[in-house]
Student: 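Encoded as structure tokens, here's the structure I'll be asking about.
Computed from heavy atoms alone, side chains included, the values below leave out hydrogens, waters and symmetry copies. Quick note: residue numbers are just sequence positions, from 1.
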Amino acid sequence: MSDSLTYDLVVLGGGTGGYAAALRAAELDMKVALIERDKVGGTCLHRGCVPTKALLHAAEVADTAKESSNFGIEVEFKGIDIEKVLDYKNNVISRNYKGLQGLVKARGIDTYFGTGKLVGKDTVEVEGEDGKHTVTGTNVLLSTGSTSKTIGLDITERVITSTEALELDKVPGSAIVLGGGVIGVEFASVWSSFGAQVTIVEGLKHLVANEDETISKNLERAFKKRKIGFKLGTMFKGVEETADGVKVTLEDGSVLEAEYLLVAVGRGPVTDGFGFEEQGIPMDRGFVLANERLHTGVGNIYACGDIVPGLQLAHRAFGQGIFIAEEIAGLNPVPVLESGIPRVTYCEPEIFSVGLSSKQAEEQYGADSVESIEYNLGGNGKSVILNTTGLVKVIREKDGPVVGVHGIGARLSEQAGEAQLIVNWEAFPEEVAQLIHAHPTQNEALGEAHLALAGKPLHFHS
């Protein structure tokens, strides 16, 4: 690669959205430059989705071992070898990373490793270990990702974010989790399965407060059963480190002590120092503003992923990256609809949701124009086999299509696929009720819920 090259597309940031755009653009015969200051794959592959889910799977194995006698299998649970758990997690990352590197190379994408800065409407300067490069693109994509919010707290050996938690070389004896959203409940779930005493502190009145309230309440009951503590509707005041841990003070005057404090209050955009504002890119609180076609309004500059306001999900970024490549190629793709993106929380029990909650549906259509049904997993044979409780909830516009599908239960994340099709294709419950769902599967729970909402409940306990 020379010191100055011109490309059809220059991608600043090699996370999920960036590499998806690069791969699709190369597939469409564009000459592509991918700029990444760390590793291609970004937070999701190296410090987020993939390693977290590896730990959650290890936690599921631990729980299965502990409960094996319930199934007539005598297994002795001897504890957690955290070094081997971390090796397993790192091997999962490594395998996926090698595969991704192979794809990028095979597509002929030029990768620049270093820090990129937007210095013109079509120009990025890259400074890396091999010197400086000036990269020019007919089109530019900004996809610099996000990082953990710390609300001003110093990150130390005892006050940590999810990044440090993923590398923790011991199982905490006890932990306080600040934040009851997706990241908070997932780590609480892992650590509890590994044997830690965990307490979640959440300022809102429910855990996973962005979910339908029925789902939130079910998770709270499940966590109580698992002896995962939580304090809701109580704001964090401060933390001080002690000789062997942390002391957390809440606004109501209560004090909690534990070995670690995990700060899990969400993620913020990584946009400082990349020259965005200097080039006139519209910004708001660090986010890059883009229209529905993900164009910033400046030159041929697009943006995707966590730096664009909305759901901070890797698969959202992935879809947006593909969309932008196809938009540049003139294929006129359909914009990614935010409400139709599946959302999954991989704690135990798992949560999935697509579309509107009951509250959102009532606000949009009116309380008298919305119907919903809750199908309890107690009527689902596979869920009984798995010894899980939970439910599937389906919401429809009265005499109209399904506008929301939600579920909670062990392994229920796999049902997000069909739920996404139902909501995005605006299916009517009567149409879904005609489909045959394999038996015995948890997938049948979706079918049963739609049968009930279509007015012909079968395996249904009211």
Side-chain angles (χ1 to χ4, degrees), residues 43 46-49 51-52 55-56 59 80 82 85-86 89 145-210 216 219-220 223-224 226-270 272 285-286 306 312 345-348:
T43 294
H46 300 285
R47 299 175 299 280
C49 323
T52 305
L55 292 187
L56 282 156
I80 305 296
I82 195 64
V85 171
L86 294 178
K89 177 206 71 169
S146 64
T147 190
S148 298
K149 291 181 180 178
T150 59
I151 57 172
L153 296 176
D154 292 331
I155 301 307
T156 66
E157 186 178 340
R158 296 289 183 173
V159 180
I160 61 178
T161 70
S162 59
T163 299
E164 292 77 32
L166 285 168
E167 300 300 326
L168 203 58
D169 60 359
K170 62 172 287 188
V171 176
S174 58
I176 298 164
V177 177
L178 179 57
V182 174
I183 296 171
V185 300
E186 287 186 350
F187 273 97
S189 186
V190 168
W191 283 342
S192 178
S193 296
F194 284 178
Q197 294 293 316
V198 183
T199 302
I200 303 170
V201 175
E202 171 55 59
L204 298 176
K205 66 178 183 178
H206 286 297
L207 296 178
V208 289
N210 289 330
S216 295
L219 180 65
E220 289 158 15
F223 271 20
K224 281 182 180 177
R226 293 186 59 192
K227 296 183 171 51
I228 298 174
F230 48 88
K231 291 181 70 68
L232 305 176
T234 305
M235 300 302 292
F236 169 82
K237 185 175 182 181
V239 58
E240 62 178 276
E241 294 193 38
T242 62
D244 54 1
V246 293
K247 182 184 292 186
V248 172
T249 305
L250 306 182
E251 290 288 358
D252 65 2
S254 58
V255 177
L256 304 173
E257 294 191 58
E259 288 184 22
Y260 291 91
L261 171 65
L262 172 65
V263 183
V265 291
R267 297 183 63 82
V270 176
D272 286 344
R285 293 170 298 164
D306 287 358
Q312 291 182 314
T345 304
Y346 294 89
C347 55
E348 174 53 44

Student: Might you point out which heavy atoms bring A258 and S174 nearest each other, and give the distance in Å?
Tutor: CA-OG, 3.3 Å

Student: Carefully, step by step, assess F223 and E220 under the rule side chain to side chain contact (heavy atoms under 4.5 Å, CB included).
Tutor: CA-CA 5 Å; F223 271 20; E220 289 158 15; 5.8 Å; no

Student: Output yes when a side-chain donor or acceptor of K89 lies under 3.5 Å from a complementary backbone atom of L166, and no otherwise.
Tutor: yes

Student: Do you know which of L168, I228, L55 makes side-chain contact (heavy atoms from CB on, under 4.5 Å) with W191?
Tutor: L168

Student: Assess whether atom CD of Q197 is packed by more than 12 heavy atoms of other residues, nucleotides or ligands within 6.0 Å.
Tutor: no

Student: Does any non-hydrogen side-chain atom of V248 lie less than 4.5 Å from one of L178?
Tutor: no

Student: Looking at every heavy atom in both V159 and E241, which two are closest together, and how far apart are they?
Tutor: CG2-OE2, 4.3 Å

Student: Identify the two heavy atoms, one from T150 and one from V263, that lie closest to each other, and give their separation to 0.1 Å.
Tutor: CA-CG1, 4.1 Å

Student: Enter the distance from E348:CD to L219:CG here, rounded to the nearest 0.5 Å.
Tutor: 10.0 Å

Student: Between CD of E251 and NZ of K237, what distance do you get to the nearest 0.5 Å?
Tutor: 6.0 Å

Student: How long is the straight-line distance from CD1 of I176 back to CD1 of I200, given to the nearest 0.5 Å?
Tutor: 12.0 Å

Student: Do NZ/NE/NH1/NH2 and the carboxylate oxygens of E167 and R47 come within less than 4.0 Å?
Tutor: no

Student: Nearest 0.5 angstrom please: F230 CZ to E202 CD, how far?
Tutor: 11.5 Å

Student: When rounded to the nearest 0.5 angstrom, what distance separates CG in L262 from OG1 in T161?
Tutor: 7.5 Å

Student: K205 and L232: which non-hydrogen atoms are nearest, and at how many Å?
Tutor: O-CD1, 3.4 Å

Student: Is it true that E259 and K170 have a side-chain N and a carboxylate O under 4.0 angstrom from each other?
Tutor: yes

Student: Can you find a heavy atom in the side chain of R226 that is under 4.5 Å from one in the side chain of S193?
Tutor: yes

Student: Determine whether the side chains of S189 and E186 contain a donor N or O and an acceptor N or O closer than 3.5 Å.
Tutor: no

Student: For S146 and R267, work out which heavy atoms get closest and say how close.
Tutor: O-NH2, 2.6 Å

Student: Taking atom types as modelled, find out whether D154 and T156 have a side-chain donor-acceptor pair closer than 3.5 angstrom.
Tutor: no

Student: Checking side chain to side chain contact (heavy atoms under 4.5 Å, CB included) for the pair F194/V85: CA distance, chi angles, key distance, verdict?
Tutor: CA-CA 11 Å; F194 284 178; V85 171; 4.2 Å; yes

Student: Step by step, would you call L207 with S216 a side chain to side chain contact (heavy atoms under 4.5 Å, CB included)?
Tutor: CA-CA 6 Å; L207 296 178; S216 295; 5.6 Å; no

Student: Quick check for you: to the nearest 0.5 Å, what is the distance between T163 atom OG1 and I155 atom CD1?
Tutor: 9.0 Å

Student: Nearest heavy-atom pair of V177 and A188: which atoms, and what distance?
Tutor: CG2-CB, 4.4 Å

Student: Should I160 and Y260 be marked as a side chain to side chain contact (heavy atoms under 4.5 Å, CB included) after you check the CA-CA gap, both sets of side-chain angles, and the distance that decides it?
Tutor: CA-CA 7 Å; I160 61 178; Y260 291 91; 4.2 Å; yes

